Protein chains: 2
Amino acid sequence: MTLNNYRKEDKVLLSIECIIYGFYQDELKILLIQREFGSTKDRWSLIGDFLKNEEELNNAASRIVNQLTGLNNMYMEQVHSYSKPDHILEEKIISVSYIALINIENYCKNILKENPIKWFAIKDIPSLVFDHNKMIKDSLALLRNRISNRPIAFELLPEKFTMRQLQKIYEVILGTELDKRNFINKFNSLDLLNKLNEKDMTSSKKGAFLFEFDEVKYLRKVAEGFCFKV
Amino acid sequence: MTLNNYRKEDKVLLSIECIIYGFYQDELKILLIQREFGSTKDRWSLIGDFLKNEEELNNAASRIVNQLTGLNNMYMEQVHSYSKPDHILEEKIISVSYIALINIENYCKNILKENPIKWFAIKDIPSLVFDHNKMIKDSLALLRNRISNRPIAFELLPEKFTMRQLQKIYEVILGTELDKRNFINKFNSLDLLNKLNEKDMTSSKKGAFLFEFDEVKYLRKVAEGFCFKV
DNA sequence: TCAAAAGTGTTTGTGATACACCCATGG
DNA sequence: CCATGGGTGTATCACAAACACTTTTGA
């Protein structure tokens with residue numbers, strides 16, 4: 001923008017690649033799509049599209065996730081931009097990656113049936129097209145950072161969840177086992193969860209109490225200088 | 001890349017904006033350039049250029065910094081991509097920002113004389129074109145994170161530096177005052193610096209011992225699982 | 001009655017923080 | 001001789017980590 005004028009031939013296609021995370025059965029999963037055309041036919045890929053002329057980056061990312069999940073207003077965040085997604089169509093392509101966190105139970109299952117898309121556990125991700133594996137790796141590093149510094153684990157959970165589910169999310173994202181007593185003590189000291197008078201009976205005979213994240217309380221505390229840190 | 005085909009009119013110009021940081025006289029500074037043409041003539045701006053067709057993002061960023069400083073191999077890192085730098089030339093523009101950390105004493109002063117560029121202390125940044133102020137803000141957040149988790153402060157210092165200089169870098173980037181005893185104790189416990197038998201006599205009558213960062217030792221420790229953390 | 005998951009507190013250790021005085025020297 | 005910045009060690013506190021047994025109940 002400063003040194004030189006631009007040349008028409010320097011224009012690029014801009015693709016947005018969305019890394020859609022869900023959490024289900026104690027596993028962190030990513031939604032992938034199987035390509036139907038072209039030289040990469042049948043290979044798995046992140047979910048993406050080209051930026052349209054009238055769009056902004058964030059809006060394009062939201063549109064793409066919405067088109068495949070039917071969801072709106074999920075947590076999304078830009079991760080990184082890449083210049084090496086092998087040129088296709090003889091055009092130069094720059095890719096901008098985003099993470100999206102969704103409650104896997106909410107997304108529209110009809111879309112899943114109509115498209116060659118599938119949830120893959122993070123540890124079972126196959127070899128993907130272009131540099132999509134690298135994008136996932138980078139996004140996981142971001143996710144690891146965010147989950148310790150922002151209350152985003154709840155984006156991956158239903159409104160009501162058990163402490164074990166919450167703990168498991170931290171464990172799979174951080175890649176470490178945590179002590180359940182320390183974990184609960186920690187969250188209790190943060191004072192951000194409401195314990196409900198309901199139990200989840202699916203995981204044990206005794207049943208586990210359900211909790212919910214109190215976002216209003218969280219925002220009030222932030223306004224008073226509170227800083228989330230796990 | 002998945003859902004739709006692209007249209008020629010969706011191609012964009014891609015600009016790279018470099019936030020070049022230097023540290024001098026106890027202040028964190030950024031190199032800015034005054035625009036010489038167009039509707040933004042005379043206003044200050046980050047240093048940038050358009051991505052060339054044959055270039056990758058990281059290489060373009062290096063090229064841009066090199067053209068203005070004469071330096072190579074400085075620490076650089078991509079920060080974020082933006083889609084709202086007011087359209088100029090009636091073209092859609094996407095901007096990718098980078099930070100570059102340089103030792104302010106090393107850069108080529110001749111270039112400074114030949115160009116309308118100038119170092120601005122971080123607290124004296126004027127209102128810049130487009131969303132460049134926002135880019136600086138975002139880059140500072142990244143820098144704050146990095147300086148606590150990677151040994152990058154040394155990129156802003158000469159080979160030989162005093163503990164006070166090092167501490168000052170942490171103070172200006174983190175925006176807090178630090179206790180000098182705690183700071184020294186902390187760095188001593190990390191065991192990454194070599195104390196030299198030389199003193200810097202410019203800042204006091206007694207003189208302050210010079211130190212250097214032992215990168216070989218650092219890399220050896222990292223290989224053994226060491227994790228830098230200040 | 002037993003297997004399987006839920007729930008619950010205390011102790012210990014490490015690292016962060018707070019803090020004040022003497023030293024060396026050039027002017 | 002004094003003003004200026006350089007250099008040094010310890011006591012306290014807060015948080016992280018380690019740790020084991022009892023409860024509930026469906027099968």
Side-chain angles (χ1 to χ4, degrees), chain A residues 25-27 144-145 147-149 157-158 160-212 221 225-230, chain B residues 24-27 144-145 147-149 157-158 160-172 174-212 221 225-230:
Chain A
Q25 289 179 336
D26 286 0
E27 292 211 277
R144 259 193 293 280
N145 180 280
I147 204 169
S148 299
N149 299 298
L157 288 169
K160 302 171 181 183
F161 52 84
T162 67
M163 289 306 285
R164 296 294 283 176
Q165 288 177 298
L166 183 60
Q167 182 181 338
K168 199 71 195 174
I169 288 193
Y170 277 86
E171 289 183 338
V172 295
I173 293 178
L174 297 176
T176 54
E177 301 241 311
L178 300 172
D179 179 276
K180 68 178 170 179
R181 278 169 297 185
N182 291 340
F183 185 80
I184 289 171
N185 289 162
K186 179 74 201 181
F187 259 96
N188 281 344
S189 74
L190 293 178
D191 185 29
L192 294 172
L193 303 182
N194 295 328
K195 185 174 188 172
L196 304 175
N197 274 327
E198 289 175 67
K199 282 191 164 186
D200 168 78
M201 302 305 295
T202 63
S203 62
S204 74
K205 294 152 189 173
K206 185 179 179 181
F209 277 104
L210 290 166
F211 291 77
E212 61 181 12
K221 293 180 77 137
F226 171 78
C227 188
F228 182 91
K229 188 83 195 154
V230 175
Chain B
Y24 187 57
Q25 289 179 336
D26 285 358
E27 291 210 278
R144 259 194 293 279
N145 180 281
I147 204 169
S148 300
N149 300 297
L157 288 169
K160 301 172 182 182
F161 51 84
T162 67
M163 289 307 283
R164 297 293 283 176
Q165 287 176 298
L166 183 60
Q167 182 180 339
K168 200 71 196 175
I169 287 193
Y170 277 85
E171 289 182 337
V172 295
L174 297 176
T176 54
E177 301 241 312
L178 301 172
D179 180 277
K180 68 179 172 177
R181 275 170 299 185
N182 291 339
F183 185 81
I184 288 171
N185 288 162
K186 178 73 199 180
F187 259 95
N188 281 344
S189 74
L190 293 178
D191 186 29
L192 295 172
L193 303 182
N194 295 328
K195 185 173 186 172
L196 304 175
N197 274 326
E198 289 175 67
K199 282 190 165 187
D200 167 77
M201 302 305 295
T202 62
S203 62
S204 74
K205 292 153 190 171
K206 185 179 178 181
F209 277 105
L210 290 166
F211 292 77
E212 61 181 12
K221 292 180 80 141
F226 171 77
C227 188
F228 182 91
K229 187 86 193 151
V230 174

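Here is how names work: the chains are called A, B, and so on, in the same order as the sequence lines, proteins then strands, and each is numbered from 1. What you see is a predicted model; the values in this text were computed from it and never measured.
With C:dG9, C:dG26, C:dT17 as the choices, the nucleotide that has an atom nearest any side-chain atom of A:Asn185 turns out to be C:dG9. With C:dA4, C:dT25, D:dG9 as the choices, the nucleotide that has an atom nearest any side-chain atom of A:Lys205 turns out to be C:dA4.
Atom CZ in A:Phe209 sits roughly 16 Å away from atom P in D:dT23 (whole-Å rounding).
Shown here is B:Lys160, whose NZ atom has no more than 12 heavy atoms of other residues, nucleotides or ligands within 6.0 Å.
In this structure, the side chain of B:Lys180 does not engage the main chain of B:Gln167 through any donor-acceptor pair within 3.5 Å.
Judged by distance alone, with hydrogens and angles left aside, A:Lys206 brings a side-chain donor or acceptor within reach of the base of C:dA6, the pair sitting under 3.5 Å. In terms of polar N and O atoms assigned as donor or acceptor, the side chain of B:Lys180 comes within less than 3.5 Å of the base of D:dG7 in a complementary pairing. For A:Arg181 against D:dA17, a side-chain-to-base donor-acceptor contact under 3.5 Å is absent.
Among the protein residues, A:Lys186 comes within range of the sugar-phosphate backbone only, with heavy atoms under 4.0 Å from sugar or phosphate atoms but none that close to a base. Backbone-only engagement by A:Lys195 is indicated by non-hydrogen atom pairs under 4.0 Å involving sugar-phosphate atoms exclusively.
Side-chain contact between B:Leu196 and B:Phe211: absent, with no pair of heavy atoms (C-beta onward) separated by less than 4.5 Å.
Between B:Phe183 and B:Tyr170, the ring centre distance stays below 6.0 Å.
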